[in-house]
Structures are given as structure tokens and as C-alpha cells.
Amino acid sequence: MTISKKPLSLSLERLVGIESRPKRKLGCLVVQHNDTRTMLTKFESKSARVKGLAFHPVRPWICASLHNGVIQLWDYRVGTVIDRFEEHDGPVRGVDFHLTEPLLVSGGDDYKIKVWDYKLRRCLFTLLGHLDYIRTVQFHPNAQQFPWILSASDDQTLRLWDFAKRTCLSVLTGHNHYVMCAAFHPTDDLIVSASLDQTVRVWDTTGLRKKQMGEPSGPSSGPSQAEAMALGGALQVSGGMGPEGDGRPKQAGGLNVQAELFGTNDVVVKYVLEGHDRGVNWACFHPTLPLLASAADDRQVKLWRMSETKAWEVDTLRGHANNVSSCLFHPKHELVVSNSEDRSIRVWDVNKRVGVQTFRREGDRFWILAAHKSQNLLAAGHDSGMIVFKLERERPASCYGPTPGMMYYVRGRELFLHDTSRSGAGAAGSTGVDVPITSLRRMGTQAQTDGIGSAPRFLSYNHHNPSEGNILVTSDVDGGSYELVTFSLTNASGTVTDGKRGNCMGPGVFLGRNRFAILDRQRQIVIKNLQNETTKRVAPPIPTVDGLLDGGASGRIILRAEDRAVLFEVQSRRVLGELSAPKIKSVVWSPDGSKVAILCKYGVVIADRQLEQLCSISDNVRIKSGCWDVSPTGGTASELFIYTTLHHVKYCLPSGDTGTIRTLDQPLYAMRAVKDQLFGLDREARTRVIQMDATEARFKLALAKKRYGKVMHMVKHSRLCGRAIVAYLQSKGFPEVALHFVREPKTRFRLALACGNIEAAMES
């Protein structure tokens with residue numbers, strides 16, 4: 001790609017910003033591959049071209065800087081714009097969040113770095129000094145100890161700023177073309193930069209760190225704003241205002257003209273990495289290993305390794321068909337993710353150094369990538385907006401065991417039994433013991449790489465077989481595959497039989513003691529015995545079936561087809577029931593088999609065993625999991641359904657009543673609810689138990705079941721109060737019960753009249 005270099009002299013045009021030249025000539029070659037996969041998209045926005053992205057470290061926010069000069073702050077969980085910042089003149093290419101403070105930094109084509117307080121919703125100050133477009137900005141990873149900002153610019157320099165003092169600490173010179181990006185090392189005193197001069201440079205900031213920690217912070221001295229302008233704008237001036245907002249210019253601290261123009265020796269070049277044939281657009285550090293990745297206009301992603309004394313090229317990842325815009329190491333798996341102007345995002349296995357996934361987008365070139373620091377989330381910016389996505393689902397594969405207190409789940413490649421009836425020293429917040437059953441084999445080429453959806457996705461236990469344990473393990477590998485695992489129920493360390501495998505779509509379902517059903521790729525229902533031999537093929541009553549779900553009884557399955565659930569009896573090939581439910585994910589049968597909860601993407605449908613709908617509720621956020629209450633006393637077993645969203649535990653009754661029980665710090669996949677305890681798995685497949693107060697749900701259930709003795713007992717002894725309960729009782733036609741909650745005279749008078757209690761009305 002040809003780029004016209006800009007003159008290095010300080011011209012009047014540069015000082016006043018009258019430059020409107022095209023920065024890059026864009027290629028148009030697009031190559032189609034057959035390994036393109038569907039992306040697990042969590043959020044998508046439509047906007048002008050996104051050039052910079054940053055995840056908030058804690059909140060579900062992402063900041064996008066746009067080519068039209070706007071900075072957008074999004075809540076990606078609910079898909080709404082929280083705020084907009086519009087003070088930059090021209091494209092904004094870099095943006096970053098402070099780790100602990102409510103601060104945001106941005107850099108743009110107006111040569112300005114702006115620090116914003118997103119709580120106050122305004123720009124706090126502006127850092128001036130760069131002489132050309134600013135490509136990236138970043139807060140120091142330990143910004144509380146080192147209040148530094150790192151910036152990279154087309155003026156061929158990197159700059160380190162102290163945003164607490166609003167001064168420039170150091171100018172890093174050495175590149176002889178635009179510096180496209182710069183980044184701090186997560187833990188070490190290192191900086192990496194990438195430039196169109198075809199090099200990647202690693203800088204050592206040890207000297208600056210020692211200088212900053214060793215020097216007492218005294219009053220700064222330096223040239224005034226007028227002197228800085230007289231020097232041709234070569235000096236940094238912060239904000240235009242003093243820290244007190246008194247209108248006086250804040251002076252730059254301690255950098256003389258020579259240091260501004262030629263850099264200082266506080267930061268030194270440690271390595272210069274040469275190997276790319278074209279300009280390098282991006283470089284990044286591995287979060288823990290001494291590795292680097294770089295992306296360039298030669299359509300290649302390169303891996304580099306560092307030691308204390310040298311750095312060298314490890315390998316080259318080839319596959320992109322145009323300039324590679326950005327790349328990063330996945331924070332949790334040994335993967336590199338890159339995106340390109342060829343309209344694709346590619347995932348590479350670091351260990352095997354091969355491409356393992358490709359995501360394509362029609363018509364939009366990709367420009368930037370970002371990864372969440374603690375969650376399994378990635379984001380990519382393109383010509384018409386951005387996407388927040390995952391490479392794999394984080395829901396651990398799990399299923400109920402033969403008794404209510406047992407559940408099977410997969411952690412990594414191990415199949416475990418968790419038994420809550422047995423005591424043992426488990427993790428904090430968990431009860432019961434984990435018993436390892438077997439190691440699951442990897443199937444297919446994709447399964448050899450962790451982190452890209454190769455883990456088991458569904459488990460199905462054979463409840464029809466009391467003599468031995470049978471589990472069907474299904475995954476999305478190679479278009480869908482299953483494995484049948486057989487083991488002893490009495491001897492956990494006994495012989496495990498596996499090796500019975502095949503291809504399928506979605507989860508498998510056990511139909512009886514010695515047979516199970518899968519959906520093949522021709523969308524036919526295939527019945528197999530426990531030797532994995534096909535005994536029957538059945539054409540489904542609906543040709544668009546895309547998954548099989550548990551039917552709740554022997555010989556029955558629920559067919560998932562588009563937005564419908566169909567209860568189907570395999571032997572007689574009869575449709576027993578049908579209901580409408582959008583985006584069905586899974587089904588959960590009650591312990592007595594009388595009801596089924598159908599979990600959808602944004603709702604729950606409860607039906608009876610013939611699939612006659614009892615109630616339907618919807619939610620604004622995605623439903624994660626659900627389970628039926630199995631408390632032996634209290635009358636809530638098979639009547640109270642508990643479900644979880646990303647941050648809440650909620651309940652649903654067959655009558656249609658719903659409510660929130662408690663909040664969650666981390667997502668929990670519910671498996672079992674007993675009294676005031678909820679058992680489940682977290683995203684790391686660790687068993688957890690949390691306390692919950694379902695008094696409100698039990699109260700409403702007792703009222704619906706007309707158990708008035710229990711209702712009055714709860715009125716007198718439970719902590720039920722508030723206008724919501726009073727309004728609920730009134731709406732259900734129980735003003736006499738509501739009267740027991742109310743002490744306020746006017747409301748008591750109105751309720752007493754409603755239930756005909758003249759004495760109570762006269763007393764009020």
C-alpha cells in the first residue's frame with residue numbers, strides 16, 4: 001500500500017490543523033474460505049466508522065470513538081447509549097477507561113488528548129503537544145501509582161503524560177513514520193509501539209519509573225503558553241486552565257526544547273523488531289507470557305518472543321487477504337484474534353500457529369479490536385458500527401442425576417458428579433462433594449483448540465435406567481457430535497465405557513432404558529440403542545426441526561422448530577401437544593413430571609405435561625437458567641420455578657405471578673432450589689450455593705392455592721410489607737388480607753370498605 005509521507009518540518013499548516021489528505025489507500029481483494037463460522041454476537045451497534053474501543057473494567061459498558069468525532073458510551077447488556085461526548089474536531093482514533101476512577105481518555109485528529117469525567121459528563125482538561133493525528137491513548141495499568149497516559153501519533157513520536165500534574169513526562173522518538181499504536185505491558189516496565197516504518201519497538205520505562213518515584217513532587221517550572229506558541233507549538237500545554245480553573249494557562253513541567261524535539265533518556269529502546277514487509281498497524285503484549293503479536297499491511301500477523309537480552313520472530317500467521325488492522329491475545333485462552341480490511345475477524349491457535357476460525361462481515365472493513373479485562377468478551381469496530389461478541393458459550397454443560405441431590409457437569413475435559421447429600425470440604429460457598437467420573441476425549445480437529453466452542457455443550461442423563469449411569473455428551477464440534485458414556489452408579493472409580501460416538505444436531509435425548517434419540521444432519525430422528533446401533537429412523541412431523549429436548553416421560557420428546565415446541569410420541573408418531581415459544585433454549589421438567597418450564601431467550605413458558613400452556617412471562621434481559629423448587633415441605637415443590645438472568649434470581653408461578661428474589665454478583669446457572677438455598681454452577685463450572693428469600697413467592701403461591709391458614713401465618717410471622725404486596729392483594733381480590741398489612745388510616749378505611757368491614761372502617 002502506498003502512503004505519501006508528510007514533511008517533517010514544522011509548517012504553519014500543521015500548527016493550525018489545515019490538513020485534509022487521505023491517510024490510507026484501501027485494497028479491495030476479498031477471498032472466500034469455507035471455514036467461516038457464525039459469531040456469538042452479544043450486542044451490535046449502528047453508527048459512523050468505529051476507530052477506537054474500550055471496555056469498562058467493571059460496568060457493562062463499552063466506549064466507541066467514531067470517525068465523525070463523536071465518542072459514544074454504550075451499555076452493551078441492554079443495548080442503549082448512556083452518553084455522548086462531542087468536543088473533538090475530526091475523527092477520534094483512541095479511547096481508554098481508567099481502571100478505578102470515573103475517567104476516560106481520548107485522542108483524535110485535532111492533535112488533542114482529552115481527559116473526561118463520565119460521571120460529571122464533561123471534559124476535565126486537554127493535553128496539547130502532539131503535532132499530528134493521535135492514533136491511540138492508554139492509561140497505565142497501575143494508574144493509581146503511576147498516573148500516566150501513553151499516546152502514539154503520526155508525528156512519529158510516542159508521549160508519556162502525567163495526567164495528575166497535566167504535564168508531558170517523556171517524548172519517545174525513534175520511529176521514522178506514523179506511529180500507529182502504543183501500549184503498556186500489563187505488569188512490566190515496558191511499552192510496545194508499531195509504526196508504518198515497518199518496525200515494532202519495545203521500550204524500557206524503568207528509568208522513568210525510578211525517576212518519578214524517587215523525585216519529590218515540587219512546583220513545576222517551564223515555559224509559558226506564549227513561549228510555547230513561539231517555539232512553534234513544540235511544547236505541551238495542558239488544558240488552557242490552571243487546576244483551580246482561574247483562567248491562567250497551566251505550565252508544562254520541566255521539559256526543555258531539546259527534550260521535546262529529540263526525546264529524553266528516561267525511556268530507552270530495548271528491541272527493534274524487523275520482519276514485516278509493509279507498515280505495521282498494531283502490536284500488543286501477551287498478558288502473562290514474554291510474547292508479542294503484530295499486525296501489518298503485508299496481510300500478516302507475526303508472533304515474537306522476548307528474553308532479557310533479545311527478541312526474535314517466532315512465526316507468521318497468514319490468511320488475511322488485505323491489510324490487518326488490529327490484533328490481540330485472548331485474555332483467557334492461548335489464542336490470537338485479528339481483524340482486517342478484508343472484512344474478516346480471524347482466530348489463531350498460538351500453540352499450533354494456525355487459523356482455527358474466521359468470521360466474515362459483508363461490506364464492512366474492520367479497524368479495531370478490544371478485549372474485556374476479566375470477562376470472556378471481545379469487541380470489533382467496523383465501517384458501520386461495532387459488535388460485542390464471544391468465541392464460545394460460557395454455560396457449563398450439566399444435567400440432573402438419578403436423585404434430586406445429584407448433578408453431573410463438565411469442567412474442562414473432566415466429567416464430574418456433584419452430590420449435595422454428601423458432606424465434604426468444598427470451595428467456599430459450596431456444599432456436597434465432587435466425584436470425578438471420567439475424562440472426555442477430544443473429537444475432531446476443532447476440538448484440539450480450547451476457547452473456540454469446542455467444549456461439550458449439552459449433557460443428558462438416562463433417568464430410565466436404574467442399573468447403570470448413561471450420559472450423552474454433545475458438542476458443536478464439526479457441525480455437531482455426540483459421545484455416549486456409560487459407568488457404574490455404585491462404584492464411582494469403576495470402569496467407564498466410552499467410544500460410542502456419532503454426528504448429531506443439538507442435544508440427544510434418552511427415550512427409555514436402553515435407547516436414545518438424536519437428530520441427524522438430514523433432520524431425521526434417529527433412534528439408537530446403547531451399543532450405538534441405529535434401530536429406527538423417524539421423519540419428524542415438522543421438517544424445520546432443529547433440536548430435540550426432553551419429553552418428560554418414556555418414549556416422548558419435545559421437538560424445537562422455529563418458534564414452536566411440539567410434544568411428539570416416537571412409537572406411535574403422534575403429536576401430543578404444541579405451543580408457541582420464541583427462541584427456545586432448553587426445557588426443565590418438574591420433579592413430579594406434571595409441568596415443564598420452557599426457557600426462551602427472553603422469557604419462560606410454563607406448561608402441563610401435555611404441553612398446554614399455563615403461563616408465559618417475558619424479561620428484558622436474557623434468561624440464563626432455571627430449576628424447580630424441590631423443598632420436601634411447604635407445598636412449593638413442582639409449583640415454584642426459580643430462574644436466573646445475568647444479575648438476578650427471579651421466580652415464576654404457574655399462575656403467571658413473577659418477581660425478583662435477589663441480585664447476583666456473577667452469573668449462576670441454577671440446578672436445584674431447596675427451601676432458601678439455590679444450588680448451581682458458575683462460569684468456571686464450580687459448584688456454588690447461595691441463600692435466597694422466596695417468602696414473597698411462597699405467599700403468592702399459598703394465596704393462589706387458597707391455603708388461607710398459611711397465608712395468615714405468613715402475614716403474622718413473615719417480613720412481608722410494602723405497597724406492592726397491598727396492591728397485589730387488592731388486584732387479586734383479597735382486601736381483607738391486605739388490611740392486616742396497613743396502618744395508615746386512609747388506606748385502611750378504603751380497604752375496610754372494599755371488604756365490607758364497617759367496624760374497621762369506623763376505627764380508621
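None of these values were measured; they are calculated from a predicted model. We number each residue from 1, following the sequence as shown. Any value given below was found using the heavy atoms of this structure, including those in side chains, with hydrogens, waters and symmetry copies removed.
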>> Apply side-chain hydrogen bond (donor to acceptor under 3.5 Å, both in side chains) to residues Thr316 and Lys302 and explain how you reach the verdict.
In response: CA-CA 4 Å; Thr316 300; Lys302 287 186 181 290; 2.8 Å; yes
>> Pair Met306, Trp304 - check side-chain contact (heavy atoms from CB on, under 4.5 Å), show working.
In response: CA-CA 7 Å; Met306 300 182 298; Trp304 314 78; 5.9 Å; no
>> One pair to check against ring-ring contact (aromatic ring centres under 6.0 Å, His included): Tyr461 and His463. What are the steps and the verdict?
In response: CA-CA 6 Å; Tyr461 182 81; His463 291 275; 5.1 Å; yes
>> Run Arg556 and Glu569 through salt bridge (charged side-chain N to carboxylate O under 4.0 Å, His left out) and show every step you take.
In response: CA-CA 5 Å; Arg556 305 198 313 178; Glu569 190 174 70; over 6 Å; no
> Which is it for Ile557 and Leu549 under the side-chain contact (heavy atoms from CB on, under 4.5 Å) test, yes or no, and what are the steps along the way?
Replying inline: CA-CA 6 Å; Ile557 54 177; Leu549 301 169; over 6 Å; no
> Phe516 and Leu472: side-chain contact (heavy atoms from CB on, under 4.5 Å), yes or no, with the steps?
Replying inline: CA-CA 9 Å; Phe516 63 92; Leu472 268 176; 3.5 Å; yes
>> Test salt bridge (charged side-chain N to carboxylate O under 4.0 Å, His left out) on Arg698 and Asp676; report intermediate values, then the result.
In response: CA-CA 11 Å; Arg698 294 192 182 100; Asp676 287 331; 3.2 Å; yes
> Hey, mind stepping through Trp348 and Leu335 against side-chain contact (heavy atoms from CB on, under 4.5 Å) and telling me if it holds?
Replying inline: CA-CA 6 Å; Trp348 314 83; Leu335 302 170; over 6 Å; no
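His464 and Asn514 are not linked by any side-chain donor-acceptor pair at a separation below 3.5 angstrom, with hydrogens and angles left out of the test. Judged by distance alone, the side chains of Glu44 and Thr41 never bring a donor and an acceptor atom under 3.5 Å apart. No hydrogens or angles considered: nothing links the side chains of Lys675 and Ser631 as a donor-acceptor pair under 3.5 Å.
Using a 4.5 Å cut-off on side-chain heavy atoms (C-beta onward), Val649 and Ile642 make contact. Contact annotation: the side chain of Arg683 never approaches that of Arg393 to less than 4.5 Å [non-hydrogen atoms, C-beta and beyond]. By the 4.5 Å heavy-atom criterion applied to side chains, Val336 and Leu328 are not counted as neighbours. Here the side chains of Glu468 and Thr486 are in contact, with some heavy-atom distance below 4.5 Å. With contacts defined as side-chain heavy-atom distances shorter than 4.5 Å, the pair Leu391/Phe359 qualifies. Between Leu653 and Thr658, the closest side-chain pair of non-hydrogen atoms is not below 4.5 Å. Side-chain contact between Val473 and Leu440 is present, with at least one heavy-atom pair separated by less than 4.5 Å.
Atom SG of Cys615 is separated from atom CD1 of Ile606 by 4.0 Å, given to the nearest 0.5 angstrom. Rounded to the nearest 0.5 Å, atoms NZ (Lys42) and CG (Asn376) are 9.5 Å apart. Rounding to the nearest 0.5 Å places NZ of Lys601 at 10.0 Å from NZ of Lys624. Taken to the nearest 0.5 Å, the NE2 atom of His372 stands 11.0 Å off from the CG atom of Leu378.
The existence of a salt bridge linking Glu483 and Arg501 is confirmed by a sub-4.0 Å separation between a basic side-chain nitrogen and an acidic carboxylate oxygen. In summary, Arg609 and Asp592 do not engage in a salt bridge, as defined by a charged side-chain N under 4.0 Å from a carboxylate O. Lys390 and Glu394 are joined by a salt bridge, as a carboxylate oxygen and a charged side-chain nitrogen come within less than 4.0 angstrom of each other.
Of all heavy-atom pairs between Leu599 and Gly626, the closest is CD1-N, 3.6 Å. Among all heavy-atom pairs drawn from Leu484 and Phe510, the shortest one is CD1-CZ, 3.9 Å.
Outside the 6.0 Å centre-distance limit, the rings of Tyr409 and Tyr400 are not counted as a close aromatic pair. The ring of His286 has its center closer than 6.0 angstrom to the ring center of Phe329.
Panel note: side chain Arg662, backbone Gln691; a donor-acceptor pair is recorded below 3.5 Å. Between the side chain of Lys332 and the backbone N or O of Ser374 there is at least one donor-acceptor pair closer than 3.5 Å. Distance alone, capped at 3.5 Å, is enough to place a donor-acceptor pair between the Thr535 side chain and the Ile527 backbone. In terms of modelled atom types and a separation under 3.5 Å, the side chain of Ser338 and the main chain of Cys327 share no donor-acceptor contact. Put simply, the side chain of His185 gets close to the backbone of Thr187: a donor and an acceptor are under 3.5 Å apart. Panel note: side chain Thr644, backbone Leu668; a donor-acceptor pair is recorded below 3.5 Å. Put simply, the side chain of Arg521 gets close to the backbone of Gly480: a donor and an acceptor are under 3.5 Å apart. Side-chain atoms of Asn465 never come within 3.5 Å of backbone atoms of Asn470 as a donor-acceptor pair (strictly under, hydrogens ignored). Checking side-chain atoms of Arg523 against main-chain N and O of Val545 turns up a donor-acceptor pair under 3.5 Å. The main-chain N or O of Val588 is found under 3.5 Å from a side-chain atom of Trp628 such that the two form a donor-acceptor pair.
Contacts of Arg457 classified as side chain to side chain donor-acceptor pair (under 3.5 Å), with partners at least two apart in sequence or in another chain: Asp476. Under the rule for a salt bridge (Lys or Arg N to Asp or Glu O under 4.0 Å), the partners of Lys650 that lie at least two apart in sequence or sit in another chain are Asp619. Partners of Asn339 under the side chain to side chain donor-acceptor pair (under 3.5 Å) rule, at least two apart in sequence or in another chain, do not exist in this structure. By the salt bridge (Lys or Arg N to Asp or Glu O under 4.0 Å) test, Arg411 is found to be paired with Asp434, residues two or more places apart in sequence or in another chain being considered. Residues passing the ring pair (Phe, Tyr, Trp, His ring centres under 6.0 Å) test with Tyr643, sequence neighbours excluded: none. Residues that satisfy the side chain to side chain donor-acceptor pair (under 3.5 Å) test with Arg672, not counting sequence neighbours, are Thr420. Listed by chain and number, the residues in a salt bridge (Lys or Arg N to Asp or Glu O under 4.0 Å) with Lys595 are Glu639 (sequence neighbours excluded). Contacts of Asp520 classified as salt bridge (Lys or Arg N to Asp or Glu O under 4.0 Å), with partners at least two apart in sequence or in another chain: Arg537. Residues meeting the side chain to side chain donor-acceptor pair (under 3.5 Å) test with Ser616, sequence neighbours left out: none. Residues meeting the ring pair (Phe, Tyr, Trp, His ring centres under 6.0 Å) test with His56, sequence neighbours left out: Trp61, Phe97, Tyr118.
Applying the side-chain hydrogen bond (donor to acceptor under 3.5 Å, both in side chains) definition to pairs two or more places apart or across chains, those involving residues 543-553 are Asp546-Arg560. Pairs passing the side-chain hydrogen bond (donor to acceptor under 3.5 Å, both in side chains) check and including a residue from residues 576-589, sequence neighbours excluded, read Arg564-Glu578.
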